[in-house]
Number of protein chains: 2
Amino acid sequence: MRSVTIKSVADMAGVSVATASRVLSGHPSTSEVARTAVHEAASTLGFRPNAQARSLRKTSTQTIGLVLPDVRNPFFADLAHAVEQRARDFKYLTLFGNANEDTEQQDRYFDIMLTQRVDGLIAAPQGDLADLQAVLDSGVPTVFVDRVIPDTTVPSVTPDNATGIQEAVRHLTGLGHRRIGYIAGPQSTSTGRERLAAFQSALAETNADDDGALIFFGDFQSASGAAGARRLLELPQPPTALLAADSLMSIGAVGVCNERGVAIGKDIAFVAYDDIEAFSLINPALTVIAHDVNAMGSLAVDLLTQVIAGETPESVILPSRLIVRGSTPSLPGGTAS
Amino acid sequence: MRSVTIKSVADMAGVSVATASRVLSGHPSTSEVARTAVHEAASTLGFRPNAQARSLRKTSTQTIGLVLPDVRNPFFADLAHAVEQRARDFKYLTLFGNANEDTEQQDRYFDIMLTQRVDGLIAAPQGDLADLQAVLDSGVPTVFVDRVIPDTTVPSVTPDNATGIQEAVRHLTGLGHRRIGYIAGPQSTSTGRERLAAFQSALAETNADDDGALIFFGDFQSASGAAGARRLLELPQPPTALLAADSLMSIGAVGVCNERGVAIGKDIAFVAYDDIEAFSLINPALTVIAHDVNAMGSLAVDLLTQVIAGETPESVILPSRLIVRGSTPSLPGGTAS
DNA sequence: CCGGGCCGTGGAATCGTTTCCATGGAATCG
DNA sequence: CGATTCCATGGAAACGATTCCACGGCCCGG
């Protein structure tokens with residue numbers, strides 16, 4: 001009853017296992033008669049090759065691993081989708097792991113991916129070199145996407161964090177804002193660090209208030225965005241504009257503004273990092289720093305195939321684009337200061 | 001240079017391969033001295049067992065397959081996350097496949113999952129029995145989630161489609177609405193069919209207009225929601241309320257309303273099926289038919305482990321809950337009729 | 001003091017596939 | 001026409017782990 005192996009196919013077709021294997025894998029040295037007999041036997045038996053056995057014999061598993069912080073973040077959901085679709089083009093199956101913005105879970109997934117002998121690994125990593133040591137030591141072809149780990153030679157595809165934030169700050173100060181509240185990402189991620197640095201240098205450049213109290217450190221999840229908005233709105237000198245470093249924290253922050261009756265676009269300006277479809281529905285629609293997520297995922301796979309082929313591709317930085325919408329109107333009605 | 005196998009570990013520890021394997025898999029019949037030697041050798045060599053080889057010998061792969069229509073749909077992203085987290089509890093790795101709301105891609109993923117010899121399969125299927133034939137024939141333990149295929153004995157975890165839609169329609173008619181536009185899901189899915197049937201029987205029950213022109217058939221993706229809203233708003237007798245059968249189509253429809261200046265909660269009432277965080281941020285916040293997605297994913301895994309264990313668990317129907325928000329105000333300001 | 005259990009161990013079979021190698025027959029070339 | 005090449009084929013090794021089985025040494029009880 002159980003498994004139908006290549007041996008049963010060979011027996012039924014009246015050929016040897018070797019010949020059956022050659023026919024099924026399209027090896028040229030096969031006769032017409034053997035080919036038809038084997039194919040017929042395979043289809044009547046419903047033969048399905050065992051991927052484990054095949055991977056064991058060949059070196060490759062035709063599988064790539066993808067480790068992302070959280071699929072529930074629409075940005076990463078889009079990215080996962082883009083990677084998966086592109087991987088299909090190369091006949092790769094994508095093994096997906098959700099780190100839950102947690103370094104320990106991330107490392108466990110790295111471990112599993114290595115155990116599964118993935119042919120390559122794409123990750124939006126967090127933490128430092130130590131967390132990646134096992135991966136780097138294993139020598140498995142790796143590409144970073146969105147986030148990177150400094151001091152490695154791993155190729156990456158990342159957004160232009162600095163320019164995106166810079167444009168947003170310039171836009172806000174251009175509208176007259178001086179006190180900009182910033183809900184930052186965790187400093188254990190490269191994106192968290194780079195965006196914060198860009199924010200601070202943009203403040204200096206534009207002569208906006210560089211007040212440490214205006215910066216709140218979140219964790220890229222929506223609850224921390226809410227907490228950040230609460231803290232910033234309660235300051236003695238509250239900000240007249242809010243900038244949140246990712247979409248989930250933006251959702252949390254917008255929720256708090258609504259709940260407190262602080263009207264976005266009127267009482268306070270708002271810019272979100274990352275564009276998600278729902279942001280254009282909020283009334284007023286949110287001004288965002290947008291990226292081409294599809295390109296990001298697709299390029300990551302392309303780079304990975306190059307690494308697998310033994311090349312050492314250049315890292316790619318994708319441009320950011322500021323999309324101005326109703327949440328940052330020309331005539332700011334700032335509350336204070 | 002390449003792989004470090006259990007043989008290298010055994011050699012280094014000065015024991016046989018058999019003993020090394022026993023130590024590493026925690027078999028009781030091992031001596032203290034062998035245990036320490038093997039463990040030390042394994043860690044200094046950085047030994048990582050080859051999952052393919054192990055799966056080949058044992059019958060199980062410690063892997064389950066999850067085939068969903070689209071991760072970019074926040075509902076399924078949450079579901080994927082819930083399944084994955086629960087699967088971890090059982091030490092299962094989740095292989096994820098995105099069908100893209102496309103039957104052909106779905107079937108290809110089923111094929112891959114079977115080839116990978118997953119220990120079990122969780123799917124939100126579309127299409128009919130024919131598409132599932134390979135899966136059913138293979139005998140791999142399977143559970144349906146969210147959607148089902150009729151005339152199978154596969155256990156499932158589904159939302160209470162009928163009651164959810166019924167409550168929504170009652171709510172709207174209770175507010176005085178008679179012309180309710182319905183953006184339906186594809187009839188190739190059980191959820192699409194059940195929700196439409198529930199809508200139609202609720203119309204009859206509440207004496208609302210049963211006008212075929214008020215029903216638009218979408219595909220659960222946002223563009224079709226936009227198309228539906230456009231069509232329905234352009235009717236000679238446009239609806240005074242809109243009900244969309246999933247979150248992505250709701251996003252599309254809300255976008256069209258905004259773009260046309262049709263004020264939700266004022267010019268038109270709106271109810272969305274499925275709750276996503278951003279819906280509470282839209283101004284006014286959307287009334288939704290909500291579910292406990294975490295429970296859904298978690299239960300699906302629980303059922304699957306039972307099927308794997310040879311039991312035949314009962315299917316579960318999870319309750320729907322209507323959450324009334326600003327998009328369906330008490331005093332409807334209907335545009336027409 | 002001897003025989004039966006128990007325990008730790010190593011050799012070898014096994015899982016299902018791919019691929020190397022040898023073989024024999026047909027075809028081609030000089 | 002003989003020698004070389006080519007091709008389809010089957011046997012067997014290999015991939016890396018787990019596990020069955022046999023074996024020898026100990027311990028213990030009769």
Side-chain angles (χ1 to χ4, degrees), chain A residues 1-39 41-42 45-63 111-112 114-119 138 140, chain B residues 1-39 41-42 45-63 93 112 114-119 138 140:
Chain A
M1 158 78 230
R2 266 262 57 104
S3 59
V4 29
T5 74
I6 200 173
K7 180 160 190 325
S8 18
V9 173
D11 288 352
M12 184 174 194
V15 299
S16 72
V17 176
T19 299
S21 171
R22 272 187 289 255
V23 168
L24 292 170
S25 54
H27 189 285
S29 258
T30 51
S31 69
E32 183 61 34
V33 33
R35 248 170 294 164
T36 56
V38 169
H39 279 135
L45 290 175
F47 172 67
R48 195 181 301 277
N50 182 313
Q52 267 72 36
R54 169 177 303 182
S55 300
L56 180 58
R57 182 60 233 260
K58 315 181 53 144
T59 331
S60 99
T61 53
Q62 282 303 306
T63 283
D111 203 76
I112 291 175
L114 294 179
T115 296
Q116 291 290 330
R117 300 292 194 271
V118 292
D119 289 349
S138 77
V140 61
Chain B
M1 158 80 231
R2 266 262 59 104
S3 59
V4 29
T5 74
I6 200 172
K7 179 158 191 325
S8 20
V9 173
D11 287 352
M12 183 173 194
V15 299
S16 73
V17 175
T19 300
S21 171
R22 273 186 290 254
V23 168
L24 292 171
S25 55
H27 190 285
S29 259
T30 51
S31 69
E32 182 61 34
V33 33
R35 248 170 294 164
T36 55
V38 169
H39 278 135
L45 289 176
F47 172 69
R48 195 181 301 277
N50 181 313
Q52 266 74 34
R54 169 178 303 182
S55 301
L56 181 58
R57 182 62 231 260
K58 314 181 56 139
T59 332
S60 97
T61 53
Q62 283 302 307
T63 282
L93 170 66
I112 291 175
L114 294 178
T115 296
Q116 292 291 329
R117 299 292 193 272
V118 293
D119 289 350
S138 76
V140 61

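The chains referred to below are lettered A, B, ... by the order of the sequence lines, with proteins before strands, and numbering in each begins at 1.
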Practice problem: Check for a donor-acceptor pair, side chain of A:Arg35 on one end and backbone N or O of A:Thr30 on the other, with a separation under 3.5 Å. | Solution: yes

Practice problem: Check step by step if side chain to side chain donor-acceptor pair (under 3.5 Å) holds for B:Asp119 and B:Thr63. | Solution: CA-CA 6 Å; B:Asp119 289 350; B:Thr63 282; over 6 Å; no

Quiz item: With sugar-phosphate meaning primed atoms plus P, OP1 and OP2, does B:Ala34 contact a base, only sugar-phosphate, or nothing at under 4.0 Å between heavy atoms?
Solution: sugar-phosphate

Practice problem: Specify the residue among B:Pro49 and A:Val23 whose closest nucleotide of DNA chain D lies further upstream toward the 5′ end. | Solution: A:Val23

Exercise. Respond yes when some side-chain nitrogen or oxygen of A:Ser29 is under 4.0 Å from OP1 or OP2 of D:dA8, and no when none is.
Key: yes

Exercise. Check the distance between D:dT18's C1' and B:Lys7's NZ and give it to me in whole angstrom.
Key: 16 Å

Quiz prompt | Nucleotide of D:dG10, D:dT19, C:dG8 approaching B:Ser31 most closely (side-chain heavy atoms) | solution = C:dG8

Practice problem: Go ahead and name the base partner of C:dC29; Watson-Crick or wobble counts if both distances stay under 3.5 Å, otherwise write none. | Solution: D:dG2

Self-check item: B:Val118 side chain near B:Val140 side chain, heavy-atom distance below 4.5 Å
Solution: yes

Quiz item: Of the candidate nucleotides D:dA8, D:dA17, C:dG10, which contains the atom at the shortest distance from the side chain of B:Ser16?
Solution: C:dG10

Exercise. Under 4.0 Å between any heavy atoms, over every strand shown, what does A:Val17 touch: base, sugar-phosphate, or nothing? Just pick one.
Key: base

Exercise. Taking the side chain as every heavy atom from C-beta outward, state whether A:Gln116 and B:Leu93 have any pair of such atoms under 4.5 Å apart.
Key: yes

Practice problem: Could you check how far CG of A:Asp11 sits from P of D:dT9, rounded to whole Å? | Solution: 16 Å

Quiz item: Could a donor-acceptor pair under 3.5 angstrom be found where the side chain of A:Arg48 meets the base of C:dG16?
Solution: no

Quiz item: For the side chain of B:Leu56, counting heavy atoms from C-beta on, which of D:dT18, D:dC15, C:dC15 is nearest?
Solution: C:dC15

Quiz prompt | Nucleotide nearest B:Ile6 (side chain, heavy atoms from C-beta), chosen from D:dA17, D:dG10, C:dG10 | solution = D:dA17

Quiz item: Does some side-chain heavy atom of A:Ile6 sit less than 4.5 Å from a side-chain heavy atom of A:Ser21?
Solution: yes

Quiz item: Just to confirm, is there a sub-4.0 Å distance from OP1 or OP2 of D:dG16 to any side-chain nitrogen or oxygen of B:Thr5?
Solution: no

Quiz item: Rounded to whole angstroms, how far apart are CG on B:Asn50 and P on D:dA17?
Solution: 6 Å

Self-check item: Side-chain N,O (B:Arg57) to OP1/OP2 (C:dT14) below 4.0 Å
Solution: no

Self-check item: Heavy-atom check, side chain of B:His39 versus side chain of B:Val23, under 4.5 Å
Solution: yes

Quiz item: In whole angstroms, how far is the P atom of D:dG16 from the CG atom of B:Leu45?
Solution: 14 Å

Quiz item: Reckon A:Thr19 has a side-chain N or O less than 4.0 Å from the OP1 or OP2 of D:dA8?
Solution: no

Quiz item: Could you give the CZ-to-P distance, from A:Arg54 to C:dC15, as a whole number of Å?
Solution: 19 Å

Quiz item: Contact class for B:Ser21 (heavy atom, under 4.0 Å): base, sugar-phosphate, or nothing?
Solution: base

Quiz item: Nearest to the side chain of A:Ala53 - C:dG10, D:dG16, C:dG16?
Solution: C:dG16

Quiz item: Could you state the CG-P distance from B:Leu24 to D:dT18, rounded to the nearest angstrom?
Solution: 7 Å

Quiz item: Expressed in angstrom and rounded to an integer, what is the separation of A:Gln116 atom CD from D:dG16 atom P?
Solution: 16 Å

Quiz item: For B:Arg117 and B:Val15, take the nucleotide of DNA chain C holding the closest heavy atom to each; which residue's nucleotide lies nearer the 5' end?
Solution: B:Val15

